[in-house]
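Atoms within each ligand, like the ligands themselves, are counted from 1 in listed order.
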Amino acid sequence: MSQEVLKIASLPGDGIGQEVVPAALRVMEAAASRFGFELEVETLPYGADHYLATGVTMPELEFERLPAQFDAIFLGGLGDPRVRGNVHARDILLGLRFRLDLYINYRPIRLWRESLCPLKGKGRQDVNFVVFRENTEGLYTNSGGRLRPGTAEEVATQEMICTRMGVERIIRAAFEHARDRGLRRVCLSDKANALTHVGGLWRETFAHVSREYPEVETRAEYIDALCMHLIRSPEQFDVIVTGNMFGDILTDLGAALQGGLGLAVSANRHPGRIGLYEPVHGTAPDIAGKGIANPLAAILTGALLFEHQGQRPAAEAIEVAVEAALEANETTPDLGGVLDMEGVTRAVLAHLR
Ligand code: NAD
Ligand code: IPM
Ligand code: MN
């Protein structure tokens, strides 16, 4: 799958997305040239500024052009306090996930340096699991509505839609990943004790699919209990598969276990199709424009993109360079360091050479 030119659509978006994406692309360019391939990057302007200026979130045609013309999409983050209801973020980010049918939200949690873990006595081997978050249905379909808006009798509904096809394909992706990587354990997480309809569908499908993978140990945990287990003993988990909303929450918790959102990566995938790569963090309006955003989540997301595009050596080189920067305390304030984003980016580039 490895190729000479990798075509990337870069969508920095809003806030710190506009800062960390260019930083990550510098590191990716450096790694690519070291390993003998080229990046062809087109930067797309969509985000809050573009929306406020034009009234357009993302032109309809882009949803067809992106998969036709690029190998991967690299996104910073979307969300701006000036846009009411963040409609542009829904349209663009959730629009890409849904319309490209990127049903796997792959979110690996890995502790890159022991001292960054907030848990007492836990080391690098203890925090190393991956969340398979269902990415195209659940509570995110925007099915529902508001009746009698603005009145005392207003009713709002937001429906949790789970299909057998949707549940089955994400569960299967989790098991396939376990099989491919030789991981022993897959844990389902839901809230089947209270949400009995969708819970029933998830549990039955999990039991059904798991029979095809007799070598994998299975377990099911309610989402509330899983949050507790992950804090007390994250070493119990290799692969976690869950619905859209729970997966969103769980992966910010996971990010905290690895040192914070400044290190958490994700890939939105549908095997055989274009992937959308983004750090787990958002646009961080509280620090946007200050030059102190941690670029490592975006840089490591670039490594994940390379890995999925068959450029494993370049991906590993980036990871080794990030590890070296962390080891040398060449970090931004969120990780206890004194460098700004530019300083961290230069440190990673120096380790890469
Ligand atoms: P956030 O991830 O933007 O920020 C949460 C906290 O973590 C903030 O204190 C922030 O400063 C810090 N943080 C996040 N990333 C950091 C980094 N790289 N370096 C240093 N500190 C970092 O989440 P939020 O505050 O809940 O949301 C802000 C906006 O981002 C909202 O509009 C939200 O909808 C949007 N958002 C977008 C995405 C996305 O596009 N993928 C993801 C999450 C949130
Ligand atoms: C994430 C974000 C998004 C989500 C928001 C911005 C819609 O929190 O990617 O984790 O909920 O999926
Ligand atoms: Mn989130």
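What sits closest to atom 8 (C) of ligand 1 on the protein, heavy atoms only, is D286 OD2, 3.4 Å. Atom 28 (C) of ligand 1 has as its closest protein heavy atom P285 CD, 3.5 Å. For atom 41 (N) of ligand 1, the closest non-hydrogen atom of the protein is E278 OE1, 2.9 Å. Of all protein heavy atoms, the one closest to atom 3 (O) of ligand 1 is A284 N, 2.8 Å. The protein heavy atom nearest to atom 33 (C) of ligand 1 is L78 O, 4.4 Å. The shortest contact between atom 7 (C) of ligand 2 and any protein heavy atom is with L94 CD2, 4.2 Å. The closest protein non-hydrogen atom to atom 7 (O) of ligand 1 is L261 CD1, 3.8 Å. In terms of protein heavy-atom proximity, atom 14 (C) of ligand 1 is nearest to H281 CB, 3.7 Å.
When distances from atom 18 (N) of ligand 1 to the protein are checked, a heavy atom turns up under 4.0 Å. Within a 4.0 Å radius of atom 12 (C) of ligand 1, the protein contributes no heavy atom.
The closest non-hydrogen atom to atom 29 (C) of ligand 1, taken over L296, I287, T283, comes from T283. Comparing heavy-atom distances from atom 31 (C) of ligand 1 across I16, D14, N86, N294 singles out N86 as nearest.
The pair R26-E342 counts as a salt bridge, with a side-chain nitrogen and a carboxylate oxygen less than 4.0 angstrom apart.
Under a cutoff of 6.0 Å and an axis angle of 45°, R133 and Y140 form a cation-pi pair. By the 6.0 Å and 45° rule, R269 does not stack over the aromatic ring of Y106.
Distances from ligand 2 to the non-hydrogen atoms of R133 include at least one value under 4.0 Å.
Residues L94 and M160 share a single hydrophobic cluster, defined by chaining ILVMFWY side chains whose heavy atoms lie under 4.5 Å apart.
Between F132 and H177, the ring planes lie tilted relative to each other; the angle falls in the 30° to 60° range.
Heavy-atom proximity to L93, at under 4.0 Å, picks out these atoms of ligand 1: 39 (C), 40 (O), 41 (N). Below 4.0 Å from some heavy atom of G79 lie the following atoms of ligand 1, by number and element: 32 (O). Interface of R97 with ligand 2, defined as ligand atoms under 4.0 Å from a residue heavy atom, comprises 1 (C), 4 (C), 9 (O), 12 (O). Near Y140, the atoms of ligand 2 lying under 4.0 angstrom from a non-hydrogen atom of the residue are 4 (C), 11 (O), 12 (O).
Side-chain N/O atoms of E134 and T136 include a donor and acceptor closer than 3.5 Å.
Counting only protein N, O or S atoms, the number found under 2.8 Å from the Mn ion (ligand 3) is 1.
Residue-to-ligand polar distances place G282 within reach of ligand 1: an N/O pair is separated by less than 3.5 Å.
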